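Structure, as structure tokens:
Note that the structure is predicted; figures quoted are calculated from it, not measured.
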Amino acid sequence: MHFSSCSTIRRGHAKLKRQQGVSLIELMIAMALGLAIVAAVGYVYVSGAGGYKVQDAQSRLQESARFVIDTVSRDVRMAGFFGCARSDNLGDKGYVEVVASQPVMTLDIDWLNGGANATNLDRFVDTSYFLRGISASASNTHPALPAYAKLSGSLKPGTDVLMVIRSGEDQQNVVQDADPTTIAFTLPQKLPGVSNSDNVTMVISDCRVARIFKPTYQTVSNSPTVRLNVQNGMNKNVNATGAIDDLNGRFGSESVVSLFTPSIFYVAQPTVAGRQPELRRATIAQNSATNYGGWVSTGGEVVATGVETFQTSYIVTANIGTSSATSQELSLAAMEAAPTNWANVTAVRVQFTMVGQEGGTSVVQADGKLRQTYDFIVGVRARQYKGVS
């Protein structure tokens with residue numbers, strides 16, 4: 001009986017020994033392992049989130065950069081286009097004419113003949129102005145630029161201005177009225193983006209001669225057609241003999257009409273602290289009774305936000321269209337030093353840098369923001385085949 005009781009006590013002690021808790025050392029080891037696992041999971045999560053943020057910022061930059069490239073390329077390709085793809089058909093000088101007596105773009109129309117307007121021939125466009133780069137240092141004295149595209153306005157220091165003179169892509173064939181006493185044309189339909197207004201500036205071309213003019217733009221009741229009335233008092237000029245010269249007999253039988261759509265690209269400084277600089281595209285005012293034919297006064301549309309730099313250089317080709325043609329790339333400074341080269345520009349190289357809006361995406365820059373530089377070349381369509389029959 002006594003022996004059996006001792007046996008029972010020993011079994012109870014053994015059971016209690018098996019049920020005791022973990023030691024302090026074991027608990028510390030378990031906590032350390034748990035913290036290591038949590039830290040590893042957290043590191044993977046943070047790394048993944050950081051990588052996603054960088055990829056998202058890169059995607060945003062690339063999307064904006066593609067839009068910049070597409071927008072600038074579209075305008076540059078059309079430089080010097082006035083109803084014909086080949087500028088040699090219009091001649092080197094004197095075959096694109098401003099016949100509107102009211103100002104076009106600027107009061108002095110200083111993109112004509114290098115800015116000299118002392119003679120009656122100044123209404124003829126110097127083709128070297130169809131595409132021109134302007135450095136920030138020269139912007140203040142360049143008369144063809146509006147105030148906001150000058151360094152004293154909102155132009156970002158160290159960036160270039162690119163000016164393109166062109167007509168629009170949405171050209172239409174026109175039919176002249178049979179009445180010889182009037183000069184009016186009929187369009188099949190309204191031009192895109194033009195309201196029922198006579199405040200528009202257009203280009204009419206028969207592929208031999210192109211003229212910039214301001215018609216009275218009139219829709220026809222219950223019809224998709226549009227009438228362009230030229231005899232409205234705005235399309236007269238002083239001719240070479242000093243007489244008032246209107247547009248009678250000045251248009252070919254097969255002509256096309258499109259809007260006159262020159263543009264300038266420039267980088268505007270941010271006006272609000274914390275915002276990024278913007279690449280802007282300004283055009284002339286249409287449907288404006290007080291400013292049509294002049295640069296828009298709003299500063300233009302925003303092409304992309306976060307464009308920090310915008311520099312241009314130019315491929316100049318001598319003897320275009322011949323077996324002895326030679327090309328060289330010149331900086332904007334070299335072009336400004338030798339302005340006769342502008343008439344032989346066949347392509348433009350554009351370099352620009354974009355900065356991301358979010359911080360923490362790059363450790364390379366002091367401000368911790370992602371930056372990417374882009375470089376592209378676009379050909380000037382109207383000069384690619386000059387001189388080729």
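Closest approach of Pro339 to Arg132, counting heavy atoms only: O-NH2, 4.1 Å. A pairwise comparison of heavy atoms in Met163 and His142 identifies CE-CE1, 4.3 Å as the closest pair. Nearest approach of Thr305 to Met354, heavy atoms of both residues: O-CE, 3.6 Å. Thr159 approaches Gln311 most closely through the heavy-atom pair CA-NE2, 3.9 Å. For Leu145 against Lys150, the heavy-atom pair with the smallest separation is O-CE, 3.3 Å. Contact between Val161 and Ala149 at its shortest, heavy atoms only, is CG2-O, 3.9 Å.
Listed by first and then second residue, the salt bridge (Lys or Arg N to Asp or Glu O under 4.0 Å) pairs that reach into residues 327-345 are Glu329-Arg349, sequence neighbours excluded. The stretch residues 61-72 participates, sequence neighbours left out, in no salt bridge (Lys or Arg N to Asp or Glu O under 4.0 Å) pair at all. Counting only residues at least two apart or on different chains, the salt bridge (Lys or Arg N to Asp or Glu O under 4.0 Å) pairs with a member in residues 286-303 are Arg281-Glu301.
Proximity of a side-chain donor or acceptor of Glu278 to a complementary backbone N or O of Pro270 within less than 3.5 Å is not detected. A donor-acceptor pair under 3.5 Å is formed between the side chain of Ser205 and the backbone N or O of Phe82. Remark: side-chain polar atoms of Trp295 are paired, donor with acceptor, to backbone N or O of Ala144 under 3.5 angstrom. Panel note: side chain Lys156, backbone Glu308; a donor-acceptor pair is recorded below 3.5 Å. Remark: side-chain polar atoms of Arg280 are paired, donor with acceptor, to backbone N or O of Gly300 under 3.5 angstrom. Side-chain atoms of Asp160 do not come within 3.5 Å of backbone N or O of Ile134 as any donor-acceptor pair.
Hydrophobic cluster membership for Ile29: Ile25, Leu33 (Ile, Leu, Val, Met, Phe, Trp, Tyr linked by side-chain heavy atoms under 4.5 Å, directly or transitively). Through chains of ILVMFWY side-chain contacts below 4.5 Å, Ile377 is grouped with Ile315.
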Leu131 and Val345: CA distance, side-chain angles, deciding distance, side chain to side chain contact (heavy atoms under 4.5 Å, CB included) verdict: CA-CA 8 Å; Leu131 187 143; Val345 172; 4.2 Å; yes
One pair to check against side chain to side chain contact (heavy atoms under 4.5 Å, CB included): Asp75 and Arg166. What are the steps and the verdict? CA-CA 8 Å; Asp75 279 18; Arg166 50 165 286 192; 2.7 Å; yes
Show the numbers, then the answer: is there a side chain to side chain contact (heavy atoms under 4.5 Å, CB included) between Gln286 and Leu259? CA-CA 9 Å; Gln286 305 279 11; Leu259 287 177; 4.2 Å; yes
Could you walk me through whether Thr201 and Ile212 pass the side chain to side chain contact (heavy atoms under 4.5 Å, CB included) test, one step at a time? CA-CA 7 Å; Thr201 306; Ile212 302 170; 3.8 Å; yes
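From Leu155, atom CG reaches atom OG of Ser139 across 5.0 Å, with rounding to the nearest 0.5 Å. Atom CD of residue Gln372 and atom OG of residue Ser64 lie 10.5 Å apart, to the nearest 0.5 angstrom. Between the CZ atom in Phe310 and the CG atom in Leu162 there is a gap of 5.5 Å [rounded to 0.5 Å].
Applying the side-chain contact (heavy atoms from CB on, under 4.5 Å) rule to Leu330 yields the partners Val316, Gln328, Ala334, Met335, Asn341; only residues at least two apart in sequence or on another chain are considered. Here Phe376 pairs with Ile69, Val72, Ser73, Val350, Phe352, Val378 under the side-chain contact (heavy atoms from CB on, under 4.5 Å) rule; sequence neighbours left out. Qualifying side-chain contact (heavy atoms from CB on, under 4.5 Å) partners for Ser324, counting only residues two or more places apart in sequence or in other chains: Asn319, Thr322. With sequence neighbours left out, Gln351 forms a side-chain hydrogen bond (donor to acceptor under 3.5 Å, both in side chains) with Asp375. For Tyr148, there are no side-chain hydrogen bond (donor to acceptor under 3.5 Å, both in side chains) partners, not counting sequence neighbours. Checked against side-chain hydrogen bond (donor to acceptor under 3.5 Å, both in side chains), Ser152 has the following partners two or more places apart in sequence or in another chain: Asn140. In this structure Tyr314 satisfies the ring-ring contact (aromatic ring centres under 6.0 Å, His included) test together with Trp342, sequence neighbours excluded.
Taking the side chain as every heavy atom from C-beta outward, Ile264 and Val164 never approach each other to under 4.5 Å. Inter-residue side-chain proximity for Phe260 and Ile165 is flagged as met; some heavy-atom pair is nearer than 4.5 Å. In this structure the side chain of Val203 never reaches within 4.5 angstrom of the side chain of Val256, judged on heavy atoms. The closest side-chain heavy-atom distance from Thr71 to Phe265 is below 4.5 Å.
When hydrophobic clusters are built by joining Ile, Leu, Val, Met, Phe, Trp and Tyr residues whose side-chain heavy atoms come closer than 4.5 Å, directly or via intermediates, Ile284 is not grouped with Val302.
Residues Phe81 and Phe130 place their aromatic rings such that the two centres sit no closer than 6.0 Å.
When only modelled atom types and interatomic distance are considered, Thr353 and Thr373 share a side-chain donor-acceptor pair under 3.5 Å.
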